[in-house]
Amino acid sequence: MDIAALVSGGVDSSVTIFQLKEQGFDPTIFYIKIGMEDEHGYIDCPSEEDIEITTYIARKYGCKFEIVSLHEEYWENVVSYTIEAVKRGLTPNPDMMCNKLIKFGSFEQKWGKDFDKISTGHYATTSLLDGKTYLSTAKDKVKDQTYFLGQVNYLQVNKLMFPIGNLLKSEVREIASRERLPSADRKDSQGICFLGKIDYNDFLKRYLGEKPGEIIDLETGKTVGEHKGYWFHTIGQRKGLGLSGGPWFVVKKDIDENILFVSNGYDPETQYGKVVNIAGFQFITEDIWGDFSDVKNIKFKIRHTPEFTEGKLTKINDIYRIESAEKIQGIAPGQFAVIYDETATLCLGSGMII
RNA sequence: UGUCCGAUGGUGUAGUGGUAGCACAGCAGAUUUUGGUUCUGUUAGCCCAGGUUCGAACCCUGGUCGGAUAA
């Protein structure tokens with residue numbers, strides 16, 4: 001079986017190679033360059049060290065190694081999507097789009113198609129049900145990364161391998177240090193990858209500029225301050241408002257009027273919600289309930305959190321709706337709601353929060 | 001103009017003679033493959049000038065500023 005293994009130089013993806021070799025496979029390693037420099041020199045993803053480590057891994061395990069670039073694709077799909085979404089007042093999720101469109105999209109079209117499987121270092125698993133592959137959660141429920149995979153489709157899931165999905169993070173670290181992998185002690189990667197060391201707000205300022213507007217207390221209707229552009233704030237956000245007498249949380253945006261609505265205090269009701277409406281919901285594999293019509297008990301996430309929330313899923317025409325069992329904070333349109341089965345073992349699908 | 005009240009970190013406030021606290025904001029770090037949340041740490045202050053006192057944010061006098069009220 002021919003396996004294309006995506007390796008980033010981090011601990012997780014490094015260990016996948018060890019795992020694959022243990023299982024008798026001989027993967028071809030791919031390092032995808034996406035850190036792109038635009039005309040302003042503002043996108044920057046320092047990849048030297050990553051490539052160095054990946055090269056070492058390839059040599060250590062005697063794997064073929066290719067460095068490929070998806071700069072253009074990344075820019076056209078992920079970065080522009082991010083900017084467009086933010087401009088419309090949404091909260092984008094570039095990393096989910098990167099998985100869907102780049103790692104398992106463009107890569108597949110250009111190189112992956114020649115392989116039987118694509119392996120990555122995600123904390124996720126797949127399982128077979130009635131002969132069909134389903135995306136499933138990882139053994140390490142805290143590190144589980146199925147949320148970021150919620151937008152992939154059946155063809156992609158069918159072809160994916162997650163060699164560390166059945167390991168705990170601690171076990172991965174153990175293997176890495178036992179195998180003396182240079183990435184053993186590297187910090188977990190975090191943050192939007194294309195930004196590198198660039199501050200997200202700087203990035204937005206660069207592309208969208210500043211546009212002062214009012215901050216209004218939703219409860220009293222009073223203007224309590226000024227912001228520099230609605231795109232610098234997302235629903236549920238506390239940091240960055242600069243208002244005293246808080247804490248204050250962003251609860252609503254008016255894009256046309258460029259107004260930010262906030263609520264004050266630690267537990268105002270306006271900060272929470274129980275209903276999440278989802279547009280464009282799609283099952284990754286298929287509707288496990290058959291013809292979905294009534295109400296189903298599910299678990300879900302509206303952002304990458306350690307816990308799964310309980311809720312009920314219903315369908316209203318083209319829109320799916322989650323009724324959360326408990327009130328949840330920061331329901332941000334543009335983010336994806338990812339649906340799991342009742343036991344949080346199968347990742348069923350996702351759609352965009354509206 | 002008279003009278004009264006107030007003046008404490010960026011903001012809102014505790015502290016009535018003895019080391020100036022708290023909240024929010026800010027900053028830093030932890031957590032997190034999305035700017036979110038959460039957690040930890042931290043910066044920064046007694047309107048000014050005199051006086052009383054061993055010692056003053058606190059008491060007294062004057063000034064400055066803000067608010068109220070009277071004509």
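Not measured: the values here are computed from a predicted model. The figures here come from the full heavy-atom set of this structure, side chains too, leaving out hydrogens, waters and symmetry mates.
Between A:His304 and A:Phe148, the ring centre distance stays below 6.0 Å. Checked against a 6.0 Å centroid threshold, the rings of A:Phe30 and A:Phe115 count as neighbours.
Among the heavy atoms of the strands lying under 4.0 Å from A:Leu90 is at least one base atom, whether or not backbone atoms are also near. Heavy atoms of A:Gln237 sit under 4.0 angstrom from primed sugar atoms or phosphate atoms, though from no base atom. Backbone-only engagement by A:Phe249 is indicated by non-hydrogen atom pairs under 4.0 Å involving sugar-phosphate atoms exclusively. Heavy atoms of A:Gly330 sit nowhere under 4.0 angstrom from any nucleic acid atom. Residue A:Gly10 is out of contact with every strand shown, counting any heavy-atom pair closer than 4.0 Å. Here A:Lys103 lies in heavy-atom contact (under 4.0 Å) with a base. Within 4.0 Å (heavy atoms only), A:Pro92 reaches at least one base atom of the nucleic acid.
Nearest to the side chain of A:Thr234, among B:rC24, B:rU34, B:rG36, sits B:rG36. Residue A:Tyr147 places its side chain closer to B:rU34 than to any other of B:rU34, B:rU37, B:rA25.
If you run side chain to side chain contact (heavy atoms under 4.5 Å, CB included) between A:Lys301 and each of A:Thr309, A:Thr146, A:Asp144, only A:Asp144 comes through.
A:Ile259 shares a hydrophobic cluster with A:Ile216, A:Leu218, A:Val251, A:Phe261; the chain of contacts runs through ILVMFWY side chains whose heavy atoms sit under 4.5 Å apart.
A stem is defined here as three or more consecutive Watson-Crick or G-U pairs, each with both distances under 3.5 Å; for RNA chain B these stems are B:1-7 with B:64-70, B:10-13 with B:21-24, B:26-30 with B:38-42, B:47-51 with B:59-63.
Side-chain contact check for A:Lys141 and A:Thr137: at least one donor-acceptor pair (N or O, by modelled atom type) lies under 3.5 Å. Using a 3.5 Å distance cut-off with no hydrogens or angles, the side chains of A:Glu257 and A:Tyr230 do not pair a donor with an acceptor.
With sequence neighbours left out, the side chain to side chain donor-acceptor pair (under 3.5 Å) criterion links A:Gln156 to no other residue. Listed by chain and residue number, A:Tyr340 satisfy the ring-ring contact (aromatic ring centres under 6.0 Å, His included) test with A:Phe308 (two or more places apart in sequence, or in another chain).
Between A:Ile339 and A:Leu313 the shortest side-chain heavy-atom distance falls below 4.5 Å.
A:Arg238 has its CZ atom 13 Å from the P atom of B:rC27, to the nearest Å. Computed from coordinates, the A:Tyr200 OH to B:rG36 P distance equals 10 Å when rounded to whole Å.
One donor-acceptor pair, N or O on each side, does fall under 3.5 Å between the base of B:rU34 and the side chain of A:Gln335.
Taken residue by residue, residues 298-309 of chain A places heavy atoms nearer than 4.0 Å to RNA chain B at A:Arg303, A:His304.
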Restricting both atoms to N or O, compile the protein contacts to nucleotides 6-14 of chain B shorter than 3.5 Å, with distance only.
| unit_1 | atom_1 | unit_2 | atom_2 | d |
| --- | --- | --- | --- | --- |
| B:rU11 | O2' | A:Ser244 | OG | 2.7 |

